[in-house]
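One structure is given here, and the rest of the page talks about it.
Letters A, B, ... mirror the listed sequences (proteins, then strands); counts begin at 1.
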Amino acid sequence: MKYHFNDIEAKWQKYWAEKGTFHASNDSDKPKYYVLDMFPYPSGAGLHVGHPLGYIASDVYARYKRLKGFNVLHPQGYDSFGLPAEQYAIQTGQHPATTTKVNIEGGVDNQGNVIAGYRNQLDKIGFSFDWSREVRTSDPNYYKWTQWIFTELFNSWYNKDTDKAESIDTLVSAFAKAGNTSTNAVCDDDTPTFTADEWNGYSDKEQQEILLKYRLTYLAETEVNWCPALGTVLANDEIVNGVSERGGHTVVRKKMTQWSMRISAYAERLIQGLEGIDWSESIKETQRNWIGKSVGASVSFKVKPDVTSSAVETSPVIDVFTTRPDTIFGVSFMTLAPELDLVHEITTPEQKEAVEAYIESTSKRSERERMADVKTISGVFTGAYAEHPFTKEPIPIWIGDYVLAGYGTGAVMAVPCGDQRDYDFAKKFDIPIPNVFEGVDISEEAFSDKATTVIANSDFLNGLKYKKAVKLAIYELEKIGAGTGKTNYRLRDAVFSRQRYWGEPFPVYYVDGMPQMIDTKHLPIELPEIEKYLPTEDGEPPLGRADVWSWDTKTNTVVSNDLCHPEPVEGQEHNGVYPLELNTMPGWAGSSWYFFRYMEKAQRDRVFASKEALDYWGNVDLYIGGSEHGTGHLLYSRFWVKFLYDRGFVGVDEPFQKMINQGMILGTSAFVYRLSAVSISNKDFIHATNIFVTKSEFDRITKEKDFNNKKYIDLSKKSMKDNGIDEKEISKIVGYVFSNIHADVSLINASDELDIEAFKKWRPEFKDAEFILEDGVYKVGREVEKMSKSKYNVVNPDQICEQYGADTLRMYEMFLGPLEQAKPWNTAGITGVHNFLKKLWKLYHSSPSAPKGGTANVDGENAFYVSDEPTSKESLKTLHKTIKKVEEDIENFSFNTSVSTFMIAGNELAAQKCTSREILEPLLILLSPYAPHIAEELWSKLGHTESISEASFPIFDASHLVESTKNYPISFNGKMKFTLELPLDYSKDQIEEVVMAHEKTKMYLDGRTPKKVIIVPGKIVNIVG
RNA sequence: GCUCGAGUGGUGGAAUUGGUAGACACGUUGGACUUAAAAUCCAAUGUCCAUUAGGACGUACGGGUUCAAGUCCCGUCUCGAGUACCA
């Protein structure tokens, strides 16, 4: 019987699907375990071997947990809203819903491209997903609940006293009773204070405007990151190095009215929550940095109308945030961000021109330029002075672009002796640098070491250390009403509007400019049909093109825009039809709660997830995915879960208890080296020939700088002549270069040799390619890069499954190296794993008459055979050693080493000629999480009628590993020289006696007497001297 | 700049608490089988010296602690990831 993996794998995949083997139950006596992968965006390019890495790891773990007696939930779905489908729609007119469906289910799109489909590709790898619980974020039945959560956020505020979100109703009744002075709520900075009487006297619209300042999702005019090329705003985490993460387009700051999420209300809890979850320290640190908590004080400085007068009550106040209130007496100037409106207010007439010019020049510089150019110090004096809260001395107010409008209040109190940026600024503009530190030299640079700080020249703070000085400074500031202790967070509220089509529509319509929520019982509000997926001519989002996109408050339906009259006609009753919101939600909306949706199966149209399901499954026990979502998805979902928890909709306040971040699988790109002629007289003229040199020749030429070789000049000239290039141009050729061109990795064999014929056929431009070979072959250059279609280094899992089988793919991906580490894919090594599976197959296929492990061509064809005879001690030892190691490895997510362990076990059992059921049956259970198909096949051949996933993980029995002797390494001065087999129950003295009497010992000592003999029984002997 | 992580044969990697460095696999070399190839099997394979026996060196580099260091400590270099004028 040969190992026909293709047949076996197809058979068992069908079996699992038909029997629903991996469908989880919400009602079980077993303990629950929830294993989740970050769900994929189904792109048209399909899967490459890098994508399934995390899925294979989670699948091994999920299958292992089932064998360990857990009721395992291991679902999968699609994050199916997103940009690529929309871009594709803009190019081809194909509806994003169609693109998405084809990308998931396979088929042919309207451009004639054959798409394999994510689902088909995933199925071939043999995952134990419970597909009966699939979710797609673009499915109206799903996004109905995304809209519902949005509505709940709108109807909530954050109470700092109870430290949780509450229904907006409790806030409204508090306002009606006592105004807003006694509530302690998270709200906008510009929220006015009012009494109960004032509140009750406000019009409905005025009340709504005030409530917007409290709601957890709110509409506000905010400065956003606008990407003109994409025609949309981007969240901070969608911008990388000042350009859009997707496409690398320029991003500019722009003011727009947008939906925002008041995630800042949760800043502290998002930091605190990290303590209780089992995530890698690095990703926790990333989140802490992103939230950016700093503790210090807010200090108010009154602006003096001019330097001679003292500050008056009506003069403006500049609030600053500082982490170093202890250095308050070191303040010698203040700096404001140039963007602040206040700058215009305080600038003196004499300085007006200089200030405006500076504002003008900084606004022209892009964020990126400003970031790149941190060395240049620039700024302008406003002419205005503030008053020091304690000394009452005048402090000059400057503006400078090193102060960012977006952090804190956009203003700093500059303490040049304690902050290097302030120091550099002061040096540049000749501002005094008072020293407030005892015994510290600040003539060269600022001194910022808090640990050794002792304050001086600071009135009541003199002689105090950092901590005490901070406390006292805040106390004194509070006493005179000039400041207060404050904690500042870098985390900004998240912009939640996108000017796109392919996203969740908001369940919002506008009456008199005020947003109104559509009652949740009328959800979902489905995306309207539009003709083109582009913004409108007057710059509205794509939904502005929809004809049927107005809300009829009488029928509670979406109706034609023709019925919509936003301006009421005098004397007529309004018809109750209002315009709907034109923005859609961002990509992270649907992914912030999908893990709850999987828990529910039966009542999905009634609830987002039923209480029973939520209570039963709790949170995700193990989450596997990439670490690139550290500040996006992983922060937003924590925020939403905490909100849902506060409002009593779910019972957990962290979504992912344990997380493992798998490393990226890199591609091994292949390069061919193409000869190009260069004309020195005319540097623009480079002629690319169709001649390619092999890697060794390329290396030689590069190393020896051999760029005048007549052979290559002649070849270049000949190529140009053949291409009909003018003789005059040809005569100008004086040199040549080689350009590296990516060759498709499928054209290269394991020894880096190029399949020349296939290469010529690969792309028409290489039809007539000529090759300069070495030893009769063309060798390519290799380089490890990110796996990507454009680099032609993509390896497709379907091909691997076809050629070696899914079990081989699964084991090889695990064998590649530690899960969390980035590692290059190299198909060459896959044969090692494949050979192992073939050898394993053989262990179960040997007739008694033809023993295995012998010579070629015989035993591969033997019939299935397993004996019921008792097994040998050695085989039991091999088995139990394997059980122990594999169990430990899976628990530690060290999957690569357990593949090695299987190989060792296979080699040992083959050497032992083991045919015993007692060994081979449990071995299959151990292997089944990694190579489920072959395990199922052999399991059924052993006579089982149930799936191997119903079996129990073998119990490790240490008694089989007990040894009576130990092969002691005998070292001299720490260097191992020989080994000696000794009984394990020997005492130190007995060991020493035998070792010292040994002739090799005598030989190595060569007559010397050892100073010391170290003996660790069961471990080592070390002779010193 | 700061934070975190890493650096081990030709290659991917192993060594979980300081105790035989290089497991397992790839690749390479040699051999068996075969008309031949593939497949399969056997053997060798860290580097250097030595015919052998054996010896020296060896976990980025330089120090240190220890009977013993890839592992612990100090310093340096390189690479990767995150983050950045955060007051």
Considering only atom C1', compute the distance from A21(B) to G13(B) and round it to an integer number of Å. 13 Å

For the side chain of M976(A), counting heavy atoms from C-beta on, which of C85(B), A84(B), A21(B) is nearest? A21(B)

Shortest non-hydrogen separation from P969(A) to T979(A) and the atoms involved: CA-CG2, 4.0 Å

When you get a sec, tell me which of G27(B), C86(B), U20(B) is the closest nucleotide to the side chain of T831(A)? G27(B)

Nucleotide N/O of nucleotides 3-11 of chain B paired with protein N/O under 3.5 Å:
none

State whether N488(A) places a side-chain N or O below 4.0 Å from either non-bridging phosphate oxygen (OP1 or OP2) of C86(B). no

Which of the following nucleotides, A23(B), C85(B), U16(B), is nearest to the side chain of N892(A)? U16(B)

Should the heavy atoms of other residues, nucleotides or ligands under 6.0 Å from CG of N967(A) be counted, would the total exceed 12? yes

If you look at every heavy atom in F5(A) and Q803(A), which pair is closest and at what distance? CZ-O, 3.1 Å

Look at the side chain of K842(A) and decide which nucleotide, out of C41(B), A87(B), A23(B), has an atom nearest to it. C41(B)

Using the P atom as the point on both nucleotides, what is the distance between C77(B) and A68(B), in whole Å? 29 Å

Nucleotide opposite G82(B) in a Watson-Crick or G-U pair, distances under 3.5 Å: C2(B)

Which one, G19(B), C67(B), U16(B), comes nearest to the side chain of E888(A)? U16(B)

To the side chain of N1022(A), which of G13(B), A23(B), A68(B) is closest? A68(B)

What contact category does T897(A) fall into here, base, sugar-phosphate, or nothing, at under 4.0 angstrom with non-hydrogen atoms? sugar-phosphate

Using Watson-Crick or G-U wobble geometry with both distances below 3.5 Å, tell me the partner of C57(B), or none. G46(B)

Taking the side chain of V1016(A) as heavy atoms from C-beta outward, which of A87(B), G19(B), A25(B) is closest to it? G19(B)

Determine the interatomic distance between C1' on A15(B) and the same-named atom on G70(B); round to the nearest Å. 9 Å

Could you tell me whether G30(B) is syn or anti, where syn means a glycosidic angle within 90 degrees of zero? anti

Taking pairing as Watson-Crick or G-U wobble with both contacts under 3.5 Å, can you name the mate of G10(B), or confirm there isn't one? C26(B)

What does S280(A) touch in the nucleic acid at a heavy-atom separation under 4.0 angstrom: a base, only the sugar-phosphate, or nothing? nothing

Closest approach to the side chain of P969(A), judged atom by atom: which nucleotide of A25(B), G19(B), U20(B) is it? U20(B)

Given the rule in the ring pair (Phe, Tyr, Trp, His ring centres under 6.0 Å) test, do F893(A) and Y61(A) qualify, once you have shown the distances and angles that lead to the verdict? CA-CA 8 Å; F893(A) 300 92; Y61(A) 202 78; 4.8 Å; yes

Quick one: is R490(A) getting a side-chain N or O under 4.0 Å of the A84(B) phosphate, OP1 or OP2? yes

From the set A84(B), C26(B), U20(B), return the single nucleotide nearest to any side-chain atom of N835(A). C26(B)

Applying the 3.5 Å cut-off to both distances, the Watson-Crick or G-U partner of U52(B) turns out to be none

Separation between the P atoms of G7(B) and U17(B), rounded to whole Å: 15 Å

Is the shortest distance from a Lys or Arg side-chain nitrogen in E285(A) or R288(A) to a carboxylate oxygen in the other one below 4.0 Å? yes

Under 3.5 Å, side-chain donor or acceptor atoms of residues 323-332 of chain A against the rest of the protein: list the pairs with distances, not counting sequence neighbours.
residue: R324(A); atom: NE; partner: D326(A); partner atom: OD1; Å: 3.1
residue: R324(A); atom: NE; partner: D326(A); partner atom: OD2; Å: 3.4
residue: R324(A); atom: NH2; partner: D326(A); partner atom: OD2; Å: 3.1
residue: T327(A); atom: OG1; partner: R324(A); partner atom: O; Å: 2.8
residue: S332(A); atom: OG; partner: P432(A); partner atom: O; Å: 2.9

Please tabulate, one pair per line, all N/O donor-acceptor pairs under 3.5 Å involving side-chain atoms of residues 827-837 of chain A, not counting sequence neighbours.
residue: T827(A); atom: OG1; partner: W825(A); partner atom: NE1; Å: 2.8
residue: H834(A); atom: ND1; partner: Y804(A); partner atom: O; Å: 3.3
residue: H834(A); atom: ND1; partner: T808(A); partner atom: OG1; Å: 3.0
residue: N835(A); atom: ND2; partner: T831(A); partner atom: O; Å: 3.3

G-U wobble or Watson-Crick pairing nucleotide for A39(B) (cut-off 3.5 Å, both distances): none

What is the nucleic acid contact for N661(A), judged by heavy atoms within less than 4.0 Å: base, sugar-phosphate only, or nothing? nothing

Please state the C1' separation for the pair C26(B) and A44(B) - nearest whole angstrom. 16 Å

Please enumerate all residues that pass salt bridge (Lys or Arg N to Asp or Glu O under 4.0 Å) together with K427(A), with sequence neighbours excluded. none

Using purine N1 to pyrimidine N3 plus N6-O4 or O6-N4 for Watson-Crick, or N1-O2 and O6-N3 for G-U wobble, each under 3.5 Å, what pairs with A15(B)? none

Does N896(A) make a side-chain N or O approach to OP1 or OP2 of A14(B) shorter than 4.0 Å? yes

I'd like the P distance from G22(B) over to U34(B), given in whole Å. 38 Å

Does atom NZ of K293(A) have more than 12 heavy-atom neighbours, drawn from other residues, nucleotides or ligands, at distances under 6.0 Å? yes

Hey, mind stepping through Y358(A) and S378(A) against side-chain hydrogen bond (donor to acceptor under 3.5 Å, both in side chains) and telling me if it holds? CA-CA 9 Å; Y358(A) 184 73; S378(A) 69; 2.7 Å; yes

Nearest heavy-atom pair of L923(A) and Y844(A): which atoms, and what distance? CD2-OH, 3.9 Å

Reckon K284(A) touches a base, only the sugar-phosphate, or nothing at all at heavy-atom distances under 4.0 Å? nothing

Please tell me if K1012(A) has a side-chain N or O lying less than 4.0 Å from either OP1 or OP2 of C67(B). yes

Partner set under salt bridge (Lys or Arg N to Asp or Glu O under 4.0 Å) for K786(A), not counting sequence neighbours: none

Consider the side chain of F815(A), meaning its heavy atoms from C-beta on, and name the nucleotide among A25(B), C67(B), A87(B) that approaches it most closely. A25(B)

Could I get a table of every N or O pair under 3.5 Å where one atom is in the protein and the other is in nucleotides 56-61 of chain B?
residue: A56(B); atom: OP2; partner: K977(A); partner atom: NZ; Å: 3.4

Check whether any side-chain nitrogen or oxygen of Q420(A) sits under 4.0 Å from OP1 or OP2 of A87(B), and answer yes or no. no

Whether K838(A) contacts U40(B) is assessed here as follows: a side-chain N or O lying under 4.0 Å from the phosphate OP1 or OP2. Is that the case? yes

Looking at A69(B), which nucleotide sits across from it as a Watson-Crick or G-U wobble partner, both distances under 3.5 angstrom, or is there none? none

